[in-house]
Asks: 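Once you've had a glance at the structure underneath, I'll fire off some questions.
Order of appearance sets the numbers: ligands from 1, and atoms from 1 within every ligand.
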Amino acid sequence: MKTLHHFIGGHAVAGTSGRFGDVTDPATGEITAKVPLASKSEVEAAIANAHAAFPAWAAVPAAKRAQVLFHFRDLIIKDMDNLARLVSTEHGKTIPDAKGSIARGLEVVEYACGIPQLLKGEITEQAATGVDVYSLRQPLGVCAGITPFNFPAMVPLWMFPMAIACGNSFVLKPSEKDPSTSLRLAELMLEAGLPEGVLNVVMGDKDAVDTLIADPRVPALSFVGSTGIGRQIYANGAAHGKRVQALCGAKNHLVVMPDADMDQVTDALMGAAYGSAGERCMAVSVAVAVGEETADEVIRRLAPRVRDLKVGPYTDAEAEMGPVITKESLERIKGYVDAGVKAGAKLVVDGRDLVMQGHENGFFLGGCLFDRVTPEMSIYTDEIFGPVLAVVRVADYETALGLVNDHQYGNGTAIFTRDGDAARNFVARVQAGMVGVNVPIPVPVAYHSFGGWKQSLFGDLHIYGPDGVKFYTKQKAVTARWPSGIRSGAQFHFKSGAEH
Ligand code: NAD
């Protein structure tokens, strides 16, 4: 069995804390690697390297920094098969799904390649007589990223390429459940020409994160993960005077209007609820059917499709959905399904007893479909993060909208309809950060920013895109007067530009 390492100062560094976590192949249940869990001093070594590398990197012209990202992009494309295999063996998702997620991360790298344009400031010539005012954006220093298990390539790629393009150095703390992809990405950045120390990867758990939060050399933290932990990190980070963006959990509703194209709805729900075994923060976990007939039709069409879902390991090219991440996760999801049945929801398709031939120790679960779910049930209120879809029946559009708006989470949502008025009304009034109109998983492209509302995000700025540039830079406004024979004498009161 291999033992993983940290990546500090451009080198593989063995863990010295004596603490290790297990990396497991979810398809077999076998432990495939030991991952070191960093101590305070190991994290501090990573921060020290990033801190030392920062001034020189920040001074590199943006166009030269972009060259590194161009190379990095090419290397990711060349290494795509290997990266996808790393993602799938440690996360469990199918190879096409792994490749799709890497491709979405790659879009952010491509966006970051445009950093000379993105960092262009603003200038006002002659703001007052002989006075010019300009604003520019400068890097922050050592930025840190803490990432979840469900997108071991994509979420790190939302963070460090943008931060590094802006001139920062970076310490990444990936999920300890599937950490190998981050190590590979860091190697590729080095190969692309990034100076040693600009990107560091520390393996670890809460101890590592607490050290990143407390260290005064780290001015900014990006976190993606569950709501309970994100809320704490946001509060602790703010108490330490840091800039924090914490993207968190979700319960994404898809509203089905009676006039929707039902073929489109069925395909959308299948992919969005069961793709990646429901382990996506933008997965659809609630279908809100408007009208009894709509609900009956949704269930009639979905039930056989969910029963026929091809569940399998990533080595099975036919598989549509892989296992979930851990045994604990499997048990937790099954517990929610039990609770839903107990609370009186109708379990139309029960995936709890699925046994995968030849992979009996894998963490497999079949797709589960509930009908007649009501808002007080835990399968409705909580993020399950598994292949479980809840259908809620409502009488009209206003009730559907009210459900989405009253939910604690507000990450993504969607409406399926042929009615432009209804769609426009939904877009205007819905309380969520990302909205789809006949699009089930509205993850914005890289040149828009990604983020939810309510308990799905703590912080002001969304991630990647234009908000990414803002998050990883601070603004400076310069007011400059050059001697030109203008003398206005001592000024004892504020003057506006118009008075000069
Ligand atoms: P998690 O919150 O358990 O872990 C996220 C990160 O925090 C990991 O790196 C983990 O090591 C670290 N961590 C765990 N416990 C900690 C603690 N007590 N203190 C400090 N750090 C700690 O999340 P997960 O299970 O890896 O990922 C799934 C969650 O992530 C889901 O809730 C999902 O919705 C969310 N997610 C959100 C988005 C988004 O953009 N909103 C994207 C992907 C995933």
Asks: If hydrogens are left out, which of Ile463, Asn150, Leu212, Asp207 has an atom nearest to atom 43 (C) of ligand 1, that is, the closest non-hydrogen atom?
Replies: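 Selected option, by shortest heavy-atom distance: Asn150.
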Asks: Would you verify that at least one protein heavy atom lies under 4.0 Å from atom 4 (O) of ligand 1, or report that none does?
Replies: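 For atom 4 (O) of ligand 1 the answer is no, since every protein heavy atom stays at 4.0 Å or beyond.
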Asks: Which pairs with one or both residues in residues 19-44 pass ring-ring contact (aromatic ring centres under 6.0 Å, His included), sequence neighbours excluded?
Replies: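 Of all non-adjacent pairs touching residues 19-44, none passes ring-ring contact (aromatic ring centres under 6.0 Å, His included).
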Asks: Would you call Asp205-Lys173 a salt bridge at under 4.0 Å N-O?
Replies: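 Looking at Asp205 and Lys173, the cut-off is not met.
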Asks: Below 3.5 angstrom, do we get any N/O pair linking Phe149 and ligand 1?
Replies: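 Between Phe149 and ligand 1, an N or O pair is found under 3.5 Å apart.
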Asks: Quick check on contacts: which atoms of ligand 1 are under 4.0 angstrom from a heavy atom of Trp158?
Replies: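 So the answer, numbered in order with elements, is 40 (O).
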Asks: Could you tell me whether Lys206 and ligand 1 have an N or O pair separated by under 3.5 Å?
Replies: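 No.
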Asks: When you look at NZ of Lys334, are more than 12 heavy atoms from neighbouring residues, nucleotides or ligands closer to it than 6.0 Å?
Replies: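 For Lys334, atom NZ is crowded (more than 12 foreign heavy atoms under 6.0 Å).
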Asks: Compute the minimum heavy-atom distance from Cys248 to ligand 1 and say whether it is under 4.0 Å.
Replies: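 Contact present.
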Asks: Looking at Lys454, I'd like to know if its NZ atom is crowded, meaning that more than 12 non-hydrogen atoms belonging to other residues, nucleotides or ligands lie closer than 6.0 Å.
Replies: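 More than 12 within 6.0 Å, yes.
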Asks: I want to know if ligand 1 touches Ser226 in the polar sense, i.e. an N/O pair below 3.5 angstrom.
Replies: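 Yes; the residue has a nitrogen or oxygen that sits under 3.5 Å from a nitrogen or oxygen of the ligand.
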Asks: What part of Leu247 sits under 4.0 Å from ligand 1 if we count only heavy atoms: the side chain, the backbone, both or neither?
Replies: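 Looking at Leu247 and ligand 1, atoms from backbone and side chain both fall under 4.0 Å.
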Asks: Sorted by first residue and then second, give each ring-ring contact (aromatic ring centres under 6.0 Å, His included) pair with at least one member in residues 81-110; sequence neighbours left out.
Replies: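 Listed once each, the pairs are His91-Phe149.
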Asks: What I want to know is whether Asp205 and ligand 1 share at least one N or O pair that is separated by under 3.5 angstrom.
Replies: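 In fact, backbone or side chain, Asp205 has no N or O that close.
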Asks: Check Asp460 with Arg243, please: is the shortest side-chain N to carboxylate O separation under 4.0 Å?
Replies: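 Not counted as a salt bridge, because no side-chain N and carboxylate O are separated by less than 4.0 Å.
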Asks: Decide, yes or no, whether a salt bridge links Lys327 with Glu331 under the criterion of side-chain N to carboxylate O below 4.0 Å.
Replies: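 Yes, this pair counts.
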Asks: Give the numbers and elements of all ligand 1 atoms closer than 4.0 Å to a heavy atom of Glu176.
Replies: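 Per the distance check, 10 (C), 11 (O).
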Asks: Would you tell me which option among Gly225, Pro174, Cys281, Pro148 has the nearest heavy-atom contact to atom 35 (C) of ligand 1?
Replies: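 When every heavy atom of Gly225, Pro174, Cys281, Pro148 is considered, Gly225 comes closest to atom 35 (C) of ligand 1.
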Asks: Test your reading of the structure: does Thr147 have an N or O sitting under 3.5 Å from an N or O of ligand 1?
Replies: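 Between Thr147 and ligand 1 (N or O atoms, distance only) the closest approach is under 3.5 Å.
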Asks: Is atom NZ of Lys34 surrounded by more than 12 heavy atoms (other residues, nucleotides or ligands) closer than 6.0 Å?
Replies: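 Above 12, so yes.
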Asks: Can you figure out which of Met203, Glu279, Gln232, Glu383 has its heavy atom closest to atom 32 (O) of ligand 1?
Replies: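 The option holding the nearest heavy atom is Glu383.
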